[in-house]
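Here's the structure, in structure tokens; my notes come after.
These numbers come from the heavy atoms of this one structure, side chains and all, not from hydrogens, waters or symmetry mates. No experiment lies behind these values; they were computed from the predicted model shown.
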Amino acid sequence: MKKIISAFLFLITLIFFSSCRNKTIQLLTKKWDCVQVDNIVQPNAKMLSSKDSADAEQIKAVLLSLNWTFKSRMKYECALNETVTVQGKYELLENDKIMICTSESKNAVNRYIIKSLTENELILSGNAENANLVLHFKPH
């Protein structure tokens with residue numbers, strides 16, 4: 001009898017964790033447009049030259065033209081101005097709070113912290129070069 005109860009509790013726990021993961025994947029699975037970019041410049045940067053400031057604005061403009069489409073089977077596409085530039089797969093770690101995106105060519109692996117994920121909002125932070133970068137997305 002104890003084995004049956006243990007197996008039943010294990011099965012319920014497994015179902016609970018898989019349903020949470022399915023909810024995250026369901027919320028992610030759509031096309032997301034970048035609508036806001038925060039912290040392009042590192043907070044500890046003291047003085048920016050006019051070139052640095054112009055470069056930061058240029059990077060921000062590129063990021064604002066970014067959209068990501070997360071598909072079923074843990075696949076994604078990243079596009080700039082509707083032109084797909086990167087495809088690959090993603091995985092979720094640490095209770096679906098960390099997302100690792102690996103390009104098909106495997107030459108790019110990016111790690112993001114999922115700050116917020118709802119039906120109408122996705123906020124990611126922490127790309128490799130700029131751990132303070134925050135990207136805000138809305139559904140397409």
Side-chain angles (χ1 to χ4, degrees):
M1 185 69 168
K2 285 185 178 183
K3 287 184 180 182
I4 293 173
I5 292 173
S6 295
F8 181 73
L9 288 175
F10 176 76
L11 184 62
I12 296 239
T13 304
L14 187 63
I15 290 170
F16 173 76
F17 283 117
S18 68
S19 69
C20 292
R21 166 140 296 181
N22 286 340
K23 180 172 170 109
T24 300
I25 292 170
Q26 286 174 348
L27 287 171
L28 263 178
T29 304
K30 62 179 82 160
K31 186 174 187 175
W32 296 92
D33 294 324
C34 187
V35 295
Q36 181 181 337
V37 180
D38 299 330
N39 302 331
I40 294 264
V41 178
Q42 293 282 358
N44 59 357
K46 298 196 177 175
M47 299 263 307
L48 292 179
S49 70
S50 58
K51 182 183 179 333
D52 291 337
S53 188
D55 288 349
E57 286 303 312
Q58 206 170 23
I59 291 168
K60 185 175 184 176
V62 168
L63 289 173
L64 287 171
S65 71
L66 179 75
N67 65 62
W68 283 29
T69 304
F70 295 98
K71 300 177 175 188
S72 60
R73 300 183 187 243
M74 308 300 280
K75 302 276 186 184
Y76 77 93
E77 289 180 349
C78 180
L80 292 172
N81 293 321
E82 304 302 323
T83 302
V84 174
T85 57
V86 178
Q87 296 180 27
K89 61 182 179 175
Y90 70 95
E91 61 183 304
L92 298 168
L93 305 173
E94 297 186 26
N95 294 325
D96 299 344
K97 295 296 180 194
I98 304 236
M99 180 170 47
I100 308 289
C101 297
T102 306
S103 66
E104 282 181 345
S105 63
K106 300 198 185 327
N107 65 351
V109 177
N110 292 305
R111 177 185 173 110
Y112 299 96
I113 298 167
I114 300 174
K115 294 285 193 179
S116 175
L117 175 60
T118 66
E119 268 187 48
N120 299 311
E121 176 183 66
L122 170 62
I123 301 175
L124 301 175
S125 73
N127 200 343
E129 283 97 36
N130 187 347
N132 297 309
L133 182 69
V134 179
L135 303 170
H136 300 258
F137 295 87
K138 296 286 182 198
H140 185 72

Hphob cluster co-occupancy, V109 + I98, side-chain heavy atoms under 4.5 angstrom: yes

Qualifying residues under salt bridge (charged side-chain N to carboxylate O under 4.0 Å, His left out), relative to D33, sequence neighbours excluded: none

Path from L124 to V86 over hydrophobic side-chain contacts below 4.5 Å: yes

Contacts of L27 that satisfy side chain to side chain contact (heavy atoms under 4.5 Å, CB included) - sequence neighbours left out: K23, L117, E119

With sequence neighbours excluded, residues passing salt bridge (charged side-chain N to carboxylate O under 4.0 Å, His left out) with K89: none

Side chain to side chain donor-acceptor pair (under 3.5 Å) involving N107 - partner list, sequence neighbours excluded: S103, S105

Donor-acceptor contact present, side-chain T85 to main-chain C78, <3.5 Å: yes

P139 and W32, any side-chain heavy atoms less than 4.5 Å apart: yes

Min side-chain heavy-atom separation R111-M99 under 4.5 Å: no

Residues which pass side chain to side chain contact (heavy atoms under 4.5 Å, CB included) with K60, listed by chain and number, not counting sequence neighbours: V37, I40, E57, L64

Salt bridge (charged side-chain N to carboxylate O under 4.0 Å, His left out) involving E82 - partner list, sequence neighbours excluded: K31

Partners passing side chain to side chain contact (heavy atoms under 4.5 Å, CB included) against S72 (at least two apart in sequence or in another chain): none

Approximate separation, where rounding is to 0.5 Å, of L122 CG and L135 CG: 9.0 Å

Linked hydrophobic residues, V84 as query - side chain contacts closer than 4.5 Å: none

Residue list, salt bridge (charged side-chain N to carboxylate O under 4.0 Å, His left out) with K71, at least two apart or on another chain: E77

Single-linkage hydrophobic cluster V35~V62, side-chain heavy atoms < 4.5 angstrom: no

Pairwise side-chain contact, I114 with I123, heavy-atom cut-off 4.5 Å (strictly under): no

Listed partners of T29 passing side chain to side chain donor-acceptor pair (under 3.5 Å), at least two apart: none

Pairs flagged by ring-ring contact (aromatic ring centres under 6.0 Å, His included) wherever residues 71-102 is involved - sequence neighbours left out: W68-Y76, F70-Y90

Polar side-chain atom of N132 near backbone of N39 as donor-acceptor pair, under 3.5 Å: no

With sequence neighbours excluded, residues passing side chain to side chain donor-acceptor pair (under 3.5 Å) with Q58: none

Other residues, nucleotides, ligands: >12 heavy atoms within 6.0 Å of K30 NZ: yes

